[in-house]
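The chains referred to below are lettered A, B, ... by the order of the sequence lines, with proteins before strands, and numbering in each begins at 1.
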2 protein chains.
Amino acid sequence: MSYMTAVNAEPPLWRLIRDSLEAALAGGEYPAGTPLPSEAKLAARFGCAIGTVRRAVDELVAARALVRRQGKGTFVPDIDAMARPLRDGPDRTAFYFFHIRAEGGARLLPETELLDFRASVPCPASIAPHLGVAPRAPMIVARNLQRIGGRPVVLDELWLPKVLFPGLDRAAFAGREGTVYGLYQKGFGHSVIRTDERLRAVAAPTEVAAAFGLAPGAPVLRIQRIALAIGDRPVEMRISHADTREHEYFNTLA
Amino acid sequence: MSYMTAVNAEPPLWRLIRDSLEAALAGGEYPAGTPLPSEAKLAARFGCAIGTVRRAVDELVAARALVRRQGKGTFVPDIDAMARPLRDGPDRTAFYFFHIRAEGGARLLPETELLDFRASVPCPASIAPHLGVAPRAPMIVARNLQRIGGRPVVLDELWLPKVLFPGLDRAAFAGREGTVYGLYQKGFGHSVIRTDERLRAVAAPTEVAAAFGLAPGAPVLRIQRIALAIGDRPVEMRISHADTREHEYFNTLA
DNA sequence: AAGTGGTCTAGACCACTAG
DNA sequence: TAGTGGTCTAGACCACTTC
């Protein structure tokens, strides 16, 4: 007569807890620097054992939405801290969203130069569906030139739904500290944890060829990226062209 | 005076168990069809609680070296079964090692035609270090043309250390059922679970241009892949050229 | 019915960080 | 010293598969 064995609908408890935490993270609680409640407190709040909370947090850690630090707490990872090479131990988390490396293998972080910034451009029909916005919705468009070791290697075109980045202007964009994704996180609460990319080899458009000192029509790598924040919310579309004469796009699968 | 609290050197028990299991898998025990001992039996064998075994197995499942099937057991995944679209549920495991898709998005598996097979070629110095073999070590070289919907899209050149594939000849290679990686797994015990890829845009070599019906020098995507089996052992290097006029290389990160 | 993996509990003890 | 996450235990019960 186990009348107290709970209802037990379909989804396991740890999944409900994971989704609840994910929603809280997507909703902007617990910004990058502040710790989550301790596992014991979360267990009390959800009325379950600590092990169940740990199972939920494990998932979010695997999805790169959280990091644990023994003795300190559990945090939303700081994207800029990740992008910077770590002192202690190998920099496995570095370069997570930057995959262009020199042929030899030495990993250098790029220097970014803002070429152009437009605060309100109607969204083309080719981009709107990827970001889940209406066609002709107002967008912010920026173009960057990235140099590695002084040499221009990547030309970026960024498309941001204006509604997700209220008040973002050229000064804030150019004057940021750290990476673009760090700005999305600290300025607007969008923690990018996943990207979908599509790559093609194309003949260099004239502007790209000029930037890289290439003959017109020379082969360049075209990368179309969609950046997704914690709840799989798309926040940026980026079209990049890379000069792969002396650099390569690296990809490790699974 | 806790004289029985165990030695507790550095590595946690679950890691030792994980490594032990990984070594057994790399050593060829438990081939694709046969289940591992049950978690209870493994716990007894290692003299620990079931939860500790589960922690170790969890890691190998995350690394795609094992799959659990409730009610049946824990298995080495069958690569060909993964590569085939699944009936039940979304085919999230399909296309794991094949990233070229039609522009629209419809995923078609390619048909492969063997163009060339050479049973013993000395390994070039440019390839040897990637596979951990000595320069001029004997290699098997194969070239494939892959068609998607009848259209030639990818030209592959495969380099295999002969020592890892004893007895592999053209007939066995061409007459296989399933994918190349399925052959590696079922014929030689090398379960590929990870790949490292480097991509560039290059001018099409003449032979590639001819195969794709491209003008000489047209841009094509060059993919250099190293395939790694369970213990991070490199087993294949592959240089592919892809026609990305109507197809794209897809990549989802983390 | 028996055997498998999946969920959840309750608690002990360890390792690390901070005040 | 107190609080955090990390490891490990021992066991209950559930869901699925096979006989």
Q: Enumerate the protein-to-nucleotides 16-18 of chain C contacts in which both atoms are nitrogen or oxygen and the separation is below 3.5 Å.
A:
| unit_1 | atom_1 | unit_2 | atom_2 | d |
| --- | --- | --- | --- | --- |
| C:dC16 | O4' | A:Q70 | OE1 | 3.3 |
| C:dA18 | OP1 | A:K72 | NZ | 3.4 |

Q: Using a 3.5 Å limit for the pairing distances, which stems of at least 3 consecutive Watson-Crick or G-U wobble pairs does DNA chain C take part in?
A: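 C:1-18 with D:1-18 - these are the stems of 3 or more pairs that involve DNA chain C.
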Q: Of A:C48 and B:A40, whose nearest nucleotide on DNA chain C comes first from the 5' end?
A: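 Its nearest nucleotide being more 5', the pick is B:A40.
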Q: So which pairs with a foot in residues 38-50 of chain A pass salt bridge (Lys or Arg N to Asp or Glu O under 4.0 Å), sequence neighbours left out?
A: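 Pairs touching residues 38-50 of chain A that pass the test: A:E39-A:R54, A:E39-A:R68.
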Q: Quick check for you: among C:dT7, D:dG5, C:dT9, whose closest atom lies nearest to any side-chain atom of B:R54?
A: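 Of all the options, the side chain of B:R54 is nearest to C:dT7.
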Q: Mind checking whether A:Y181 and A:Y184 have parallel, tilted or perpendicular rings, split at 30° and 60°?
A: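 Answer is tilted, since the angle falls between 30° and 60°.
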Q: Taking A:P234 as the fixed residue, which of A:L228, A:T195, A:V133 is the one that meets the side-chain contact (heavy atoms from CB on, under 4.5 Å) rule?
A: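 Single side-chain contact (heavy atoms from CB on, under 4.5 Å) partner of A:P234 among A:L228, A:T195, A:V133: A:L228.
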Q: Looking at B:F97, is its backbone amide N or carbonyl O close enough to the side chain of B:R225 to form a donor-acceptor pair, meaning the two atoms are under 3.5 Å apart?
A: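 Present.
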Q: What is the separation between atom CZ on B:F46 and atom P on D:dT9, rounded to the nearest whole Å?
A: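 Atom CZ in B:F46 sits about 13 Å away from atom P in D:dT9.
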Q: List the residues meeting side-chain contact (heavy atoms from CB on, under 4.5 Å) with A:K162, not counting sequence neighbours, and say none if there are none.
A: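 In terms of side-chain contact (heavy atoms from CB on, under 4.5 Å), with neighbours along the sequence ignored, A:K162 is linked to A:A119, A:S120, A:P138, A:I140.
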Q: Please name the residue in the list B:D169, B:V163, B:L168 that meets the side-chain contact (heavy atoms from CB on, under 4.5 Å) test with B:F165.
A: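 Result for side-chain contact (heavy atoms from CB on, under 4.5 Å) with B:F165: B:L168.
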Q: What integer distance in Å separates A:L36:CG from D:dG3:C1'?
A: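 One finds 16 Å between C1' of D:dG3 and CG of A:L36, rounded.
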Q: Report the C-alpha distance between A:H99 and A:N251 in whole Å, list the side-chain angles of each, state the deciding distance to 0.1 Å, and finish with yes or no for side chain to side chain contact (heavy atoms under 4.5 Å, CB included).
A: CA-CA 7 Å; A:H99 299 127; A:N251 186 22; over 6 Å; no
Q: Listed in order of residue number, which residues of residues 20-29 of chain B have a non-hydrogen atom at under 4.0 Å from DNA chain D?
A: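 Within residues 20-29 of chain B, no residue comes under 4.0 Å of DNA chain D.
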Q: Answer yes or no: does a side-chain N or O of B:T74 lie under 4.0 Å from OP1 or OP2 of C:dG5?
A: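 Answer is yes, contact under 4.0 Å.
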Q: Do side-chain atoms of A:H190 reach the backbone of A:L164 as a donor and acceptor pair under 3.5 angstrom?
A: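 Side chain of A:H190 to backbone of A:L164: a pair is present.
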Q: Give the rounded distance in Å between these two atoms: CG of A:L42 and C1' of D:dG3.
A: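 After rounding, the gap between these two atoms is 14 Å.
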Q: Rounded to whole angstroms, how far apart are CZ on A:R55 and C1' on D:dT7?
A: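 About 17 Å, once rounded to whole Å.
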Q: May I ask you to verify if any side-chain N or O of A:S38 is less than 4.0 angstrom from the OP1 or OP2 atom of D:dT4?
A: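 Checking D:dT4 against A:S38, a side-chain N or O does come within under 4.0 Å of OP1 or OP2.
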Q: Rounding to a whole Å, what distance do you find between A:R15:CZ and C:dG6:C1'?
A: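 Roughly 11 Å, once rounded to whole Å.
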Q: On the nucleotide C:dG3, are OP1 or OP2 found under 4.0 Å from the side-chain N or O atoms that B:K41 carries?
A: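 The answer is no; no side-chain N or O of B:K41 sits under 4.0 Å from OP1 or OP2.
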Q: Has B:R69 got a side-chain N or O lying under 4.0 Å from the OP1 or OP2 atom of D:dC16?
A: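 Negative; the distance criterion is not met.
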Q: So which pairs with a foot in residues 15-28 of chain B pass side-chain hydrogen bond (donor to acceptor under 3.5 Å, both in side chains), sequence neighbours left out?
A: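 Passing the test, one end in residues 15-28 of chain B: B:R18-B:E59.
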Q: Measure from the side chain of B:L13, starting at C-beta and using heavy atoms only, and say which of D:dG6, C:dT9, D:dC8 lies closest.
A: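 Looking only at heavy atoms from C-beta outward on B:L13, the closest nucleotide is D:dC8.
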Q: Picking from A:I193, A:V57, A:I230, what satisfies side-chain contact (heavy atoms from CB on, under 4.5 Å) with A:L66?
A: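 When side-chain contact (heavy atoms from CB on, under 4.5 Å) is applied between A:L66 and each of A:I193, A:V57, A:I230, only A:V57 qualifies.
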Q: Grab the CD1-P distance between B:I50 and D:dT7 for me, whole Å please.
A: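 Taking CD1 of B:I50 and P of D:dT7, I get 19 Å after rounding.
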Q: Roughly how many Å is it from CZ in A:F75 to P in D:dT4, rounded to a whole number?
A: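 Computing the A:F75:CZ to D:dT4:P distance gives 11 Å.
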Q: Check this for me, if you would: do A:D196 and A:R198 make a salt bridge, where the nitrogen-to-carboxylate-oxygen distance has to be below 4.0 angstrom?
A: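 Result for this pair is no, no salt bridge flagged.
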Q: A:E59 CD to C:dG6 P: how many Å, rounded?
A: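 That distance rounds to 13 Å.
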Q: Any donor and acceptor pair, going by atom type alone, linking the side chain of B:D156 with main-chain N or O of B:S240 inside 3.5 Å?
A: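 No, B:D156 side chain to B:S240 backbone: no donor-acceptor pair under 3.5 Å.
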